[in-house]
Amino acid sequence: MAGRNKITDATAALFTDSVDRIPERFIRTDEVQAAGAVVGEDETFELPVVDMASLLDPKLSASETAKLGSACREWGFFQLTNHGVDEEAMQQIKDSVVEFFRSPLEAKNAVAVRGDAGIQGFGHQFSPASSDKLDWAECLLLFTQPVQDRNMDLWPATSPPTFRHALERYSVEIGDLTRRLLGFMAADLGVSPAALLGAFFVGDGAAKGQSVSMHHYPACGRRHRDKVVGIPPHTDTLGLTLLLQADDTPGLQVRRAGRWFPVRPLPGALVVNVGDVMEVLSNGAYGSALHRVVPHAERGRTTVAMFHDAYVDGVVAPLPELLRGGEATARYRAVGKVEYDAGSAETLAAGGRFLDSLKTM
Ligand SMILES: O=C(O)CCC(=O)C(=O)O
Ligand SMILES: [Fe+2]
């Protein structure tokens, strides 16, 4: 089972001071090399950019929706500009998360992962049982919606004091934005908005499942670059991910056509990516892309990844509207949500993808 380990004093010291030698558990040179080539600094390429103001503009909406659709089909990734998330709410969450990671280890470990609280809390990202390697990163993972799923014991109360309010507010903002975005995705997929929205939200508008991973990737120094990993290559197992980058440090890379494409953060934009469940819902029209994080030699990087979960009547399966009338066959077999979650966790621990086992062709 993929576990999340607590961060020790030794690791925290490693992350704060520039050290000459790092423990074997962080050295993954072979893995980094095997992962393949990165598109160079000097090469021009454009990761898709989608503009929410254009989506909402009656004159521009149709062409921007087509752009959104092609981004989800070709890349599974795009940067979203003019997204309309309240600027003060954005600033508050950025400041609060940066401040949390700057706190002393003792304060951060007040909300550390612990056996009885499942995967939530502060610690390392998932560590596969099949390897003893650790990521060059620290992560605070929390369930944010539905509200009754929150474990407030693991929400920082004082480090910093603004944290809880900032996350609560951001959770609502991202829920609203996800809802808006899904409306345009439904138009692109040719399904009713109610069908797609109903997979993510319950009748009264609450998210079926929203969670957040806040990441800090410390600077790794020139000497350790190409040896350490921020997050190893993976796809997101839930529905849709919206990522906020609290600074302009690069690090996120997306896999396409056998190479890694660095995301060059646009000021104020959010990065959106299609998760495995969305790939299934869309019957494979949208693709969940492999991505990873590479630590920067000189600069730390802080991000807030918010995930929305989705399913229809307790089942992860292609949207019925897409299969109606026998026009298309299901490219994924239907699987109960409980089985999906258990399967994803188990396959993740083994370094695989549960999604692959659902494919029918
Ligand atoms: O921090 C990032 O840029 C990406 C984080 C991520 O991929 C994840 O939390 O699943
Ligand atoms: Fe991810």
Side-chain angles (χ1 to χ4, degrees), residues 2 4 15 35 38 47 72 75-80 93-94 97-98 100-101 113 119-128 134-144 167 170-171 174 178 209-220 228-256 260-267 269-279 286-296 299-310 341 344-345 347-349 351-355:
R4 298 195 58 227
F15 285 169
V38 179
L47 224 76
C72 294
W75 285 86
F77 252 91
F78 58 90
Q79 298 203 64
L80 183 67
I93 189 73
K94 281 188 197 178
V97 173
V98 167
F100 170 77
F101 284 118
V113 286
I119 60 170
Q120 294 185 85
F122 172 71
H124 286 284
Q125 177 76 353
F126 299 97
S127 319
L134 288 175
D135 297 348
W136 194 261
E138 42 184 355
C139 169
L140 173 58
L141 193 162
L142 296 171
F143 298 156
T144 45
L167 183 57
Y170 188 66
S171 158
I174 293 299
T178 299
Q210 187 200 59
S211 51
V212 66
S213 283
M214 291 157 269
H215 303 280
H216 174 235
Y217 310 94
C220 63
V228 297
V229 171
I231 295 190
H234 68 282
T235 58
D236 292 346
T237 58
L238 303 176
L240 203 63
T241 307
L242 274 68
L243 177 85
L244 165 65
Q245 307 183 81
D247 46 56
D248 58 5
T249 308
L252 177 61
Q253 300 182 344
V254 181
R255 186 83 170 168
R256 190 170 183 236
W260 293 103
F261 289 79
V263 175
R264 297 165 179 161
L266 289 174
L270 291 165
V271 176
V272 180
N273 67 285
V274 172
D276 293 350
V277 169
M278 186 66 174
E279 180 174 320
Y286 290 0
S288 157
L290 210 57
H291 54 284
R292 67 172 184 176
V293 176
V294 174
H296 194 274
R299 278 143 59 199
R301 177 167 182 267
T302 301
T303 64
V304 180
M306 204 160 241
F307 310 96
H308 273 265
D309 204 357
D341 286 344
S344 299
T347 328
L348 187 72
R353 257 184 110 189
F354 188 60
L355 182 75

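Every number for a ligand or one of its atoms is a count from 1 in the order of the listing. In this chain, numbering begins with 1 at the start of the sequence shown.
- Neither the backbone nor the side chain of Gln245 has a heavy atom within less than 4.0 Å of ligand 1.
- Ligand 1 has a nitrogen or oxygen under 3.5 angstrom from a nitrogen or oxygen of His234.
- Under a 3.5 Å cut-off, the side chain of Arg292 and the backbone N or O of Gln253 do not form any donor-acceptor pair.
- Listed for the Gln79 side chain is a donor-acceptor partner under 3.5 Å among the backbone atoms of Leu266.
- At a heavy-atom cutoff of 4.0 Å, ligand 1 is contacted by no atom of Phe126, backbone or side chain.
- Using modelled atom types, one side-chain atom of Thr144 and one backbone atom of Gln210 make a donor-acceptor pair closer than 3.5 Å.
- A donor atom on one side chain and an acceptor atom on the other are not found under 3.5 Å apart for Thr237 and Asp276.
- Residue contact check: Ala305 has heavy atoms under 4.0 Å from atoms 9 (O) of ligand 1.
- The His291 neighbourhood of ligand 1 comprises atoms 7 (O), with distances under 4.0 Å to a heavy atom of that residue.
- Under the 4.0 angstrom criterion for non-hydrogen atoms, Arg292 is not in contact with ligand 1.
- Considering backbone and side-chain N/O of Gln125, none are found under 3.5 Å from N/O of ligand 1.
- Each of the atoms 1 (O), 2 (C), 3 (O), 4 (C) of ligand 1 lies under 4.0 Å from some heavy atom of Val293.
- With the Fe ion (ligand 2) at the apex, His234 NE2 and His291 NE2 define an angle of roughly 90° (rounded to 10 degrees).
- With hydrogens and angles ignored, the 3.5 Å screen pairs no side-chain donor or acceptor of Asp135 with any backbone N or O of Ala137.
- Taking the side chain as every heavy atom from C-beta outward, His234 and Asp236 approach each other to under 4.5 Å.
- The Fe ion (ligand 2) sits nearest to atom OD1 when only the N, O or S atoms of Asp236 are considered.
- Only side-chain heavy atoms of Leu243 come within less than 4.0 Å of ligand 1; its backbone N, CA, C and O stay farther off.
- Atom numbering of ligand 1 starts at 1 in the shown order; those under 4.0 Å from a heavy atom of Tyr217 are 1 (O), 2 (C), 4 (C), 5 (C).
- The aromatic ring centres of Phe77 and Phe261 sit 6.0 Å or more apart.
- The contact set between ligand 1 and Ile231, taken as ligand atoms under 4.0 Å from a residue heavy atom, comprises 5 (C), 6 (C).
- Each of the following atoms of ligand 1 lies closer than 4.0 Å to a heavy atom of His215: 1 (O), 5 (C), 8 (C), 9 (O).
- Side-chain contact between His296 and Pro250: present, with at least one pair of heavy atoms (C-beta onward) separated by less than 4.5 Å.
- Here Asp236 has side-chain heavy atoms under 4.0 Å from ligand 1, and that is the only part of it that gets that close.
- Looking only at distances, no side-chain donor or acceptor of Arg301 sits under 3.5 Å from a matching main-chain atom of Tyr217.
- Applying the 4.0 Å criterion to heavy atoms of Phe307 picks out, from ligand 1, the atoms 8 (C), 9 (O), 10 (O).
- Note: Phe15 and His124 have perpendicular aromatic rings, judged against thresholds of 30 and 60 degrees for the angle between ring planes.
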